[in-house]
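For reference, the structure is listed below as structure tokens.
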Protein chains: 2
Amino acid sequence: MKLDARHLELLAAVVEHGGLTEGAAALGKSQPSVSRTLGALEARVGQPLFVPGRRPLQPTDLGRSLAEQGAAILRASRAAGDTVDRYRHGRSGEVRIGGTPFFMDGVVSGMIAEFQMQNPDVRIRQSYDYAPDLMRQIAEGTLDLGICPVRPDTVPESFAFTPILAGRNVVACRKGHPLLTRRGVLTEEIFRYPWIAPPADSPLYADLKLTLAALGAQDFKIGFSGGTLASVFAILNGSDALTVLPYSVVFLTGRRNDIASLRIRINHPDRDLGLLRRRGADPSPATDRFRQFIETRFRQLSQVILHSEQIALWRGADDRPQRDRA
Amino acid sequence: MKLDARHLELLAAVVEHGGLTEGAAALGKSQPSVSRTLGALEARVGQPLFVPGRRPLQPTDLGRSLAEQGAAILRASRAAGDTVDRYRHGRSGEVRIGGTPFFMDGVVSGMIAEFQMQNPDVRIRQSYDYAPDLMRQIAEGTLDLGICPVRPDTVPESFAFTPILAGRNVVACRKGHPLLTRRGVLTEEIFRYPWIAPPADSPLYADLKLTLAALGAQDFKIGFSGGTLASVFAILNGSDALTVLPYSVVFLTGRRNDIASLRIRINHPDRDLGLLRRRGADPSPATDRFRQFIETRFRQLSQVILHSEQIALWRGADDRPQRDRA
DNA sequence: TGCGCTATATAACGCGATGTTATGAAGCTG
DNA sequence: CAGCTTCATAACATCGCGTTATATAGCGCA
């Protein structure tokens with residue numbers, strides 16, 4: 001026998017509230033409506049659902065059993081409603097975010113962690129890619145957000161780009177590196193140390209080449225390449241190798257990983273780190289919420305970086321990277 | 001947000017069957033109906049439930065979540081339908097049955113056990129009472145069936161009475177009782193043994209008094225009274241006491257409890273053991289099913305009793321109670 | 001690339017379930 | 001027994017949802 005789920009909900013409400021009138025009130029309906037519908041259900045079932053002629057309307061065994069099923073239906077229905085509500089407020093759902101590996105690992109992951117703590121029901125799918133692939137996937141609709149360095153004026157019309165951080169790089173090394181003890185670093189000295197190269201197709205690798213070329217390098221030793229940020233940190237820690245890293249990565253994770261940056265002035269790429277998303281597509285609420293979270297966190301990060309540099313300036317300290325525009 | 005349970009069921013069916021058309025078919029509805037309803041649900045939710053422009057209609061995360069709730073609703077709904085079906089066929093529900101204690105314990109309990117094996121979801125509420133109270137409770141509607149000995153012509157019009165067994169009694173004793181070894185028993189001999197008296201208000205007690213009076217007893221020793229059938233068996237087993245019991249009780253449980261009946265002719269009450277129920281009230285299906293079960297079991301029991309007595313007659317054996325009408 | 005197939009969306013319409021208010025009947029309670 | 005409360009019934013309006021017919025849009029294949 002097939003029963004209407006709404007009839008069972010009705011029955012559950014009436015049984016729970018101990019009366020037709022109360023049940024109807026709880027459901028926001030009139031009493032006759034509930035009465036008639038329950039009558040129809042009873043007729044359909046062919047068995048009394050309430051003991052007849054009892055004034056504080058008392059369900060029969062069968063009525064109680066069916067009411068339990070109705071309560072289950074009501075629960076599921078409410079749960080569905082809640083799911084929708086949370087989804088609409090971005091507190092549940094899925095966000096697919098991709099970005100350049102070192103930046104994701106060094107900066108974004110920490111923010112994701114914080115977001116996860118606040119929104120445990122939002123699933124974050126992270127992937128690693130560079131701008132062209134990110135754009136392709138965003139255009140295809142298989143990715144919600146991209147975080148990577150791009151030149152804002154090269155972003156196609158179909159994308160929205162929000163700059164979140166200046167794309168500055170620094171030369172990074174371990175805390176105890178010989179070059180750090182010196183007051184000043186001669187550019188030719190850095191070529192005596194082995195270099196860690198980011199993946200060949202990464203913008204960071206292009207930056208590395210440009211930087212070193214600008215510093216007058218014809219040739220430099222690549223001692224390691226192909227690893228993730230974690231392995232780069234390990235190599236840096238265990239050797240005197242040098243590499244180029246985004247300033248924000250060193251700023252945020254340098255202390256924890258015993259990494260510092262050389263006090264050496266290097267040119268900076270004319271790219272901004274920013275958030276890419278598809279223009280016109282309305283994103284899932286979770287994506288929106290995540291994006292806003294990320295944007296405010298980066299605003300705060302910019303402030304903190306600026307602040308710390310000003311403190312360093314006032315102190316006259318010099319264990320910070322030299323700023324190009326300072 | 002309040003969502004219609006039926007919409008969620010619809011969604012569940014569509015997601016499960018992997019398509020609008022199939023889902024509609026599974027629900028026995030037309031495809032446009034399902035399409036429109038799902039469209040309405042999507043509009044209400046305000047979020048896409050299916051990824052747009054995908055041919056093997058693919059649900060979004062939210063769609064899948066809601067479909068799960070819909071599946072839960074569907075399960076509950078089906079469970080409710082099954083409950084009704086089983087209830088209507090008497091395979092679930094409740095039966096309230098009352099009867100005279102010794103007869104319930106000695107005969108009916110075994111049948112209830114068998115019924116329980118076949119109908120595990122039917123709850124049997126058993127109580128003990130004598131005819132007047134049984135009738136009162138049945139009339140009040142607090143009891144479904146009564147099993148007791150009554151004179152059929154004394155049953156009021158408002159009750160239906162189905163005789164199920166002749167109300168014969170026998171004098172019972174333990175298997176090794178001295179009186180059993182004799183070829184014949186003199187009536188005066190039985191008064192030398194202590195007697196177990198059933199409860200004073202029981203019909204059995206009246207039978208006992210009548211029986212013994214008919215046998216010429218002016219006075220007899222009551223050695224024990226007030227116990228249930230189990231205690232009566234225990235007393236019988238551990239002593240040379242005698243008592244009056246329904247023949248069916250001894251027939252069914254005598255062997256197991258090492259009880260036999262004396263070969264002595266006693267008068268039998270002009271009552272029939274039978275089933276009492278309220279006339280006109282339509283009983284719950286479980287009650288009906290149980291009643292029919294009990295009635296057929298008693299028909300079989302009558303046959304078996306008859307059969308065993310004929311065998312005994314043919315054999316010329318005499319270790320059976322003498323039959324009044326033989 | 002274009003064609004055909006099939007699945008989905010839309011349109012138009014009828015009906016039945018369910019909402020309403022008004023009112024009657026039936027239990028409980030003092 | 002009177003009065004109150006609660007449920008059932010009546011009459012009517014409306015909206016959801018069922019139908020069939022038809023347009024549209026992906027997908028597969030040549």
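The sequence lines fix the lettering, A, B, ..., with proteins before strands; numbering per chain opens at 1.
The number of heavy atoms from other shown groups lying within 6.0 Å of CZ (R123(A)) does not exceed 12. Atom CZ of R78(B) has 12 or fewer heavy atoms from other residues, nucleotides or ligands within 6.0 Å. The environment of E157(B) atom CD is sparse: at most 12 non-hydrogen atoms of other residues, nucleotides or ligands sit within 6.0 angstrom.
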Write down the protein N/O and nucleotide N/O pairs, taken from nucleotides 14-16 of chain C, whose separation is under 3.5 Å; answer none if there are no such pairs.
none

(request) Starting at the 5' end of nucleotides 16-22 of chain D, put B wherever the base has a protein heavy atom under 4.0 Å, S where only the sugar-phosphate does, and a dash everywhere else. (result) -BBBBB-

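Residue G23(A) comes nearest to H17(A) through the heavy atom pair N-CB, 3.9 Å, listed as atom of the first residue, atom of the second, then distance. The two residues I164(B) and G274(B) come nearest to each other via the heavy atoms CG1-CA, 3.6 Å. For the residue pair D85(A) and M1(B), the shortest heavy atom distance occurs at OD2-N, 2.9 Å. Contact between E42(B) and F50(B) at its shortest, heavy atoms only, is OE2-N, 3.4 Å.
Here the straight-line distance linking atom CZ of F161(A) with atom CE of M135(A) works out to 8.0 Å at 0.5 Å rounding. Distance check, rounded to the nearest 0.5 Å: CD of E295(B) to CE of M111(B) gives 11.5 Å. To the nearest 0.5 Å, atom CD1 of residue I97(A) and atom CG of residue D144(A) are 9.0 Å apart.
The rotation axes computed at either terminus of the helix from dT1(C)-dA30(D) to dG30(C)-dC1(D) lie 50° apart, taking five pairs at each end and rounding to 10 degrees.
dT10(C) atom C1' lies 15 Å from atom CG of L38(B), rounded to whole Å. When the P atom of dC7(D) is taken as reference, atom CG of L49(A) falls 15 Å away, rounded to whole Å. Distance, F50(B) CZ to dA7(C) P: 15 Å, rounded to whole Å. For Q58(B) and dG26(D), the CD to P distance is 15 Å, given to the nearest whole Å. The distance between atom CG of L57(A) and atom C1' of dA26(C), rounded to the nearest whole Å, is 13 Å. The interatomic distance linking L41(A) (CG) with dT18(C) (P) rounds to 10 Å, in whole Å.
Near-neighbour residues of DNA chain D inside residues 13-25 of chain A, defined by a heavy atom below 4.0 Å, number-ordered: G19(A), L20(A), T21(A). Of the residues in residues 62-77 of chain B, none has a non-hydrogen atom less than 4.0 angstrom from any atom of DNA chain C.
Ring centroids of F103(A) and F298(A) are separated by less than 6.0 Å, placing the two rings close together.
With respect to the salt-bridge test (charged N to carboxylate O, under 4.0 angstrom), the residues K2(B) and E9(A) qualify. A salt bridge links D4(A) with R6(B): the distance from a Lys NZ or Arg NE/NH1/NH2 to an Asp or Glu carboxylate oxygen falls below 4.0 Å.
Y128(A) is linked by a ring pair (Phe, Tyr, Trp, His ring centres under 6.0 Å) to nothing, counting only residues two or more places apart in sequence or in another chain.
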(request) Step by step, work out the side-chain contact (heavy atoms from CB on, under 4.5 Å) result for L145(A) and L276(A). (result) CA-CA 6 Å; L145(A) 295 172; L276(A) 270 178; over 6 Å; no

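Donor-acceptor pairing under 3.5 Å is recorded for the side chains of S284(A) and T287(A).
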